[in-house]
Amino acid sequence: MKNLLLILINVLLNSAAQILMRQGMLQIGKIEFNRNFISEIPKMLSSLWVWSSLVCYGISAIVWMVVLSRVEVSFSYPFVALGFVIVALAGYFLFQEQITLPRMIGIALICIGILFVARS
């Protein structure tokens, strides 16, 4: 049970990192990956939202190392997919992003898959 809690903490931290990064990039605006990209880096690194996301990623990496020291990766890694569900729902509620029928079906399949892994 303790290991499952650590896995879920990791998933929540990764999901939070994605949400924080999205918020930061929405404020910065669209960035093109071309020769001017380098000049955009200071703008990205000046965002508190982006830095907050990087902190979440760092903490989640440490938690993940603890998880992998205790649990088989074939059991723990499928739970990472739960992040897709969390981030899709957060995108819908926080950023008014659309969840289309194919996405809903995909989310349902992910949830079913995670249930199978959790019961194994």
Side-chain angles (χ1 to χ4, degrees):
M1 189 59 149
K2 189 175 185 181
N3 293 332
L4 189 56
L5 180 61
L6 286 172
I7 292 168
L8 294 176
I9 288 170
N10 174 267
V11 169
L12 289 173
L13 283 166
N14 269 295
S15 300
Q18 287 294 321
I19 293 160
L20 292 165
M21 182 89 58
R22 174 70 172 150
Q23 179 62 39
M25 297 315 295
L26 284 172
Q27 289 184 344
I28 291 168
K30 185 176 180 180
I31 294 179
E32 300 293 337
F33 198 67
N34 56 29
R35 72 174 92 159
N36 296 326
F37 175 75
I38 298 297
S39 66
E40 299 289 346
I41 293 174
K43 195 185 317 180
M44 291 184 279
L45 293 179
S46 68
S47 170
L48 182 60
W49 294 105
V50 170
W51 279 104
S52 298
S53 75
L54 295 175
V55 168
C56 283
Y57 278 129
I59 296 169
S60 76
I62 292 167
V63 172
W64 193 244
M65 286 185 263
V66 172
V67 167
L68 292 179
S69 75
R70 300 172 176 201
V71 180
E72 293 177 357
V73 72
S74 62
F75 174 80
S76 58
Y77 195 71
F79 285 93
V80 173
L82 191 56
F84 291 112
V85 177
I86 295 167
V87 172
L89 293 173
Y92 176 79
F93 288 109
L94 298 175
F95 306 119
Q96 289 71 50
E97 297 176 357
Q98 297 298 311
I99 299 181
T100 61
L101 181 60
R103 286 184 193 174
M104 284 185 222
I105 293 169
I107 289 169
L109 291 172
I110 287 170
C111 291
I112 292 166
I114 292 169
L115 287 173
F116 275 105
V117 171
R119 296 182 60 101
S120 67

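Because the structure is predicted, anything quoted here is derived from the model rather than measured.
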Only pairs under 3.5 Å count here: list side-chain donor-acceptor contacts from residues 71-78, not counting sequence neighbours, and write none if there are none.
from	atom 1	to	atom 2	distance (Å)
Ser76	OG	Glu72	O	3.2

Are [X] and [Y] grouped together when hydrophobic residues (ILVMFWY) are joined by side-chain heavy atoms under 4.5 angstrom apart?
X	Y	value
Val87	Val55	no
Leu5	Val67	yes
Ile86	Val63	yes
Leu20	Leu26	no
Leu48	Ile59	no

- prompt: Do any pairs count as a side chain to side chain donor-acceptor pair (under 3.5 Å) and have a residue in residues 97-116, sequence neighbours left out, and if so which ones?
  reply: Arg22-Glu97
Could you tabulate the donor-acceptor pairs under 3.5 Å formed by side-chain atoms of residues 6-14, not counting sequence neighbours?
from	atom 1	to	atom 2	distance (Å)
Asn10	OD1	Asn14	ND2	3.3
Asn10	ND2	Ser60	O	2.7
Asn14	ND2	Asn10	O	3.3

- prompt: Among all residues two or more places apart in sequence or in another chain, which pass the salt bridge (Lys or Arg N to Asp or Glu O under 4.0 Å) test with Lys2?
  reply: none
task: Applying side chain to side chain donor-acceptor pair (under 3.5 Å), name anything that partners Trp49, two or more places apart in sequence or on another chain.
output: Gln27
Hydrophobic side-chain clustering at under 4.5 Å (ILVMFWY, transitive links): who's grouped with [X]? Put none if nobody.
X	answer
Met65	Ile62
Leu115	none
Tyr57	Met21, Met25, Ile28, Ile31, Phe33, Phe37, Ile38, Ile41, Met44, Leu45, Val50, Trp51, Leu54

Atom of Val85, atom of Cys111 and distance for their closest heavy-atom approach: CG2-SG, 3.9 Å
statement: When every non-hydrogen atom of Ala16 is compared with those of Cys56, the smallest separation belongs to CB-SG, 4.2 Å
task: Sequence neighbours left out, what passes side-chain contact (heavy atoms from CB on, under 4.5 Å) with Ala90? Give chain and number order.
output: Ile19, Leu94
query: So which pairs with a foot in residues 80-120 pass ring pair (Phe, Tyr, Trp, His ring centres under 6.0 Å), sequence neighbours left out?
result: none
- prompt: Which pairs, with at least one residue in residues 28-46 and sequence neighbours excluded, count as a salt bridge (charged side-chain N to carboxylate O under 4.0 Å, His left out)?
  reply: Lys30-Glu32, Glu40-Lys43
message: Going by salt bridge (charged side-chain N to carboxylate O under 4.0 Å, His left out), name the pairs with one or both residues in residues 51-69, residues two or more places apart or in two chains.
response: none
